[in-house]
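Please read the structure below before turning to the comments.
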Amino acid sequence: MSTHRIPVASVDLSGNEERYALDAIRSTWISSTGAYLDRFESEFAALCDTRSALAVCNGTVALHLALLGLDVRPGDEVIVPSLTYVATANAVRYVGAEPVFVDVDPQTWCMDPRRVEEAITRRTRGIIPVHLLGHPADMDPINHIGAVNGLWVVEDAAEATLARYKGKVVGGLSDLATFSFFGNKMFTCGEGGAVTVNDARLAKRMRILRGQGMDPQRRYYFPVTGYNFRLTNLACAILCAQLERREQILQARRRIYEVYNALLSAVPGVTLQPVAPWAELSPWMYACRIEPDQFGCTRDQLIGYLAEQQIETRPMFVPLHGLPPFREESSKRGEVLPVTDAISSTAIMLPTYNQLTEADQHRIVETIAQAGKSSLRTTGVSRRVA
Ligand SMILES: Cc1ncc(COP(=O)(O)O)c(C=O)c1O
């Protein structure tokens with residue numbers, strides 16, 4: 001078997017990325033205005049089926065801008081899943097508010113709508129469901145709870161650009177949505193993000209806040225305290241080229257998911273990521289669960305073994321409610337999130353990128369199977385994988 005190193009993620013700039021970036025450089029429009037920026041914002045809004053899209057410098061900033069746009073303030077509470085990347089909760093803290101954590105649904109690994117209502121207090125202002133690992137959250141019941149209780153809803157779609165919920169593309173399913181174009185995402189410009197929105201007043205307010213608070217009618221006059229959250233025309237040149245290839249990228253990744261599913265479903269002790277019947281994944285990062293008793297070793301031992309075999313993987317996100325910045329407040333609220341804890345401690349993310357070959361996938365799954373079998377042959381945990 002080949003032994004070259006397989007990374008967990010890799011960037012694919014094989015289309016017009018270089019040409020458009022060079023074009024932006026030659027035009028000298030490398031800062032935060034220019035034709036590629038306008039083109040990206042209008043194309044991305046159209047793809048997300050929203051009236052506006054605002055390009056910003058990363059997905060964390062996109063969340064921060066969304067919360068500023070919604071006027072979230074110190075003392076407010078925002079309901080978020082605990083099984084997500086830390087940025088979702090960090091952004092809530094940036095505006096002085098408190099993230100309140102709820103459990104996820106075992107059928108989607110996303111925010112469990114049944115847990116949201118019981119987390120609402122007098123201080124709750126909004127809900128941020130996360131479309132985790134490219135799988136959309138169950139938006140209808142979440143939007144319903146939001147509407148009944150007078151709460152806004154923001155989709156954190158950082159990991160799920162172009163995923164679909166009941167046939168509708170994510171981005172316009174609630175009040176606002178935020179996206180990331182970090183290097184490991186489906187579509188990337190290195191570092192980048194976007195906010196999509198239908199409400200024209202909210203879009204206008206966020207545009208002002210993004211650009212240092214400058215009055216759009218009066219240059220260099222600043223009626224509010226704003227931020228520099230802008231993305232460059234140079235980065236948008238790369239994004240435009242990425243979006244041109246969206247169907248090709250989606251297809252390549254869907255194929256990778258299908259191959260992993262087919263191969264891994266034959267490995268004892270491996271459970272695949274569930275996909276709800278109404279979900280169309282944006283295949284961002286393939287994940288599955290390792291059930292130590294049936295598999296033969298733990299997820300972390302498997303990660304160590306794969307690393308020795310030159311295969312890079314990632315553990316699932318550590319639950320946010322247990323992290324030092326959040327655990328004290330979470331424990332005061334008595335948050336107990338068993339589904340989050342179970343998925344977090346057993347799920348592994350496998351290499352997922354456009355150029356990953358089927359031969360590499362065979363090698364990855366064979367190595368996984370080997371780790372499991374070799375563990376089962378010995379008592380307890382294998383010496384090979386320990
Ligand atoms: C769910 C989620 N939200 C927000 C972010 C933040 O995006 P960025 O890394 O572009 O700041 C990420 C990034 O990976 C994410 O996975």
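Every number for a ligand or one of its atoms is a count from 1 in the order of the listing. Sequential numbering from 1 along the given sequence is applied to the chain's residues. Since the model is a prediction, treat every value here as computed from it, not as a measurement.
- Using a 3.5 Å distance cut-off with no hydrogens or angles, the side chains of Asn90 and His64 do not pair a donor with an acceptor.
- For atom 3 (N) of ligand 1, the closest non-hydrogen atom on the protein side is Asp156 OD2, 2.8 Å.
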Would you please test Thr88 and Thr84 for side-chain hydrogen bond (donor to acceptor under 3.5 Å, both in side chains) and show each step? CA-CA 7 Å; Thr88 316; Thr84 177; 2.9 Å; yes
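- For atom 9 (O) of ligand 1, the closest heavy atom belonging to the protein is Ser180 OG, 4.0 Å.
- The distance from ligand 1 to the heavy atoms of Thr84 drops below 4.0 Å at these ligand atoms: 1 (C).
- In terms of protein heavy-atom proximity, atom 2 (C) of ligand 1 is nearest to Ala158 CB, 3.4 Å.
- With respect to atom 12 (C) of ligand 1, the closest heavy atom belonging to the protein is Tyr85 CD2, 3.4 Å.
- In summary, the side chains of Ser174 and Asn143 do not present any donor paired with an acceptor at a separation below 3.5 Å, with no hydrogens or angles considered.
- The distance from ligand 1 to the heavy atoms of Ala87 drops below 4.0 Å at these ligand atoms: 4 (C), 5 (C), 6 (C).
- Listed by atom number, the atoms of ligand 1 under 4.0 Å from Val130 heavy atoms are 1 (C).
- Nearest protein heavy-atom neighbour of atom 11 (O) of ligand 1: Thr60 OG1, 2.5 Å.
- Counting protein heavy atoms only, atom 8 (P) of ligand 1 is closest to Gly59 N, 3.4 Å.
- Ring orientation note: the planes of Phe222 and Tyr220 are nearly perpendicular, at an angle over 60° on the 30°/60° scale.
- Note that Arg39 lies outside the cation-pi zone of Tyr36, set by a 6.0 Å cut-off to the ring centre and a 45° limit from the axis.
- Within the set Glu159, His131, Glu191, Lys185, the minimum heavy-atom distance to atom 13 (C) of ligand 1 is found for Lys185.
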Salt bridge (charged side-chain N to carboxylate O under 4.0 Å, His left out), that's the test. Do Arg245 and Asp12 meet it? Break it down for me. CA-CA 11 Å; Arg245 291 191 298 126; Asp12 167 13; 3.1 Å; yes
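- You'll find the side chain of Glu98 stays beyond 4.5 Å of the side chain of Val78, heavy atoms only.
- Using a 4.0 Å cut-off to heavy atoms of Asn58, the atoms of ligand 1 that qualify are 10 (O), 11 (O).
- Counting non-hydrogen atoms of other residues, nucleotides and ligands closer than 6.0 Å to OH of Tyr257 gives a total above 12.
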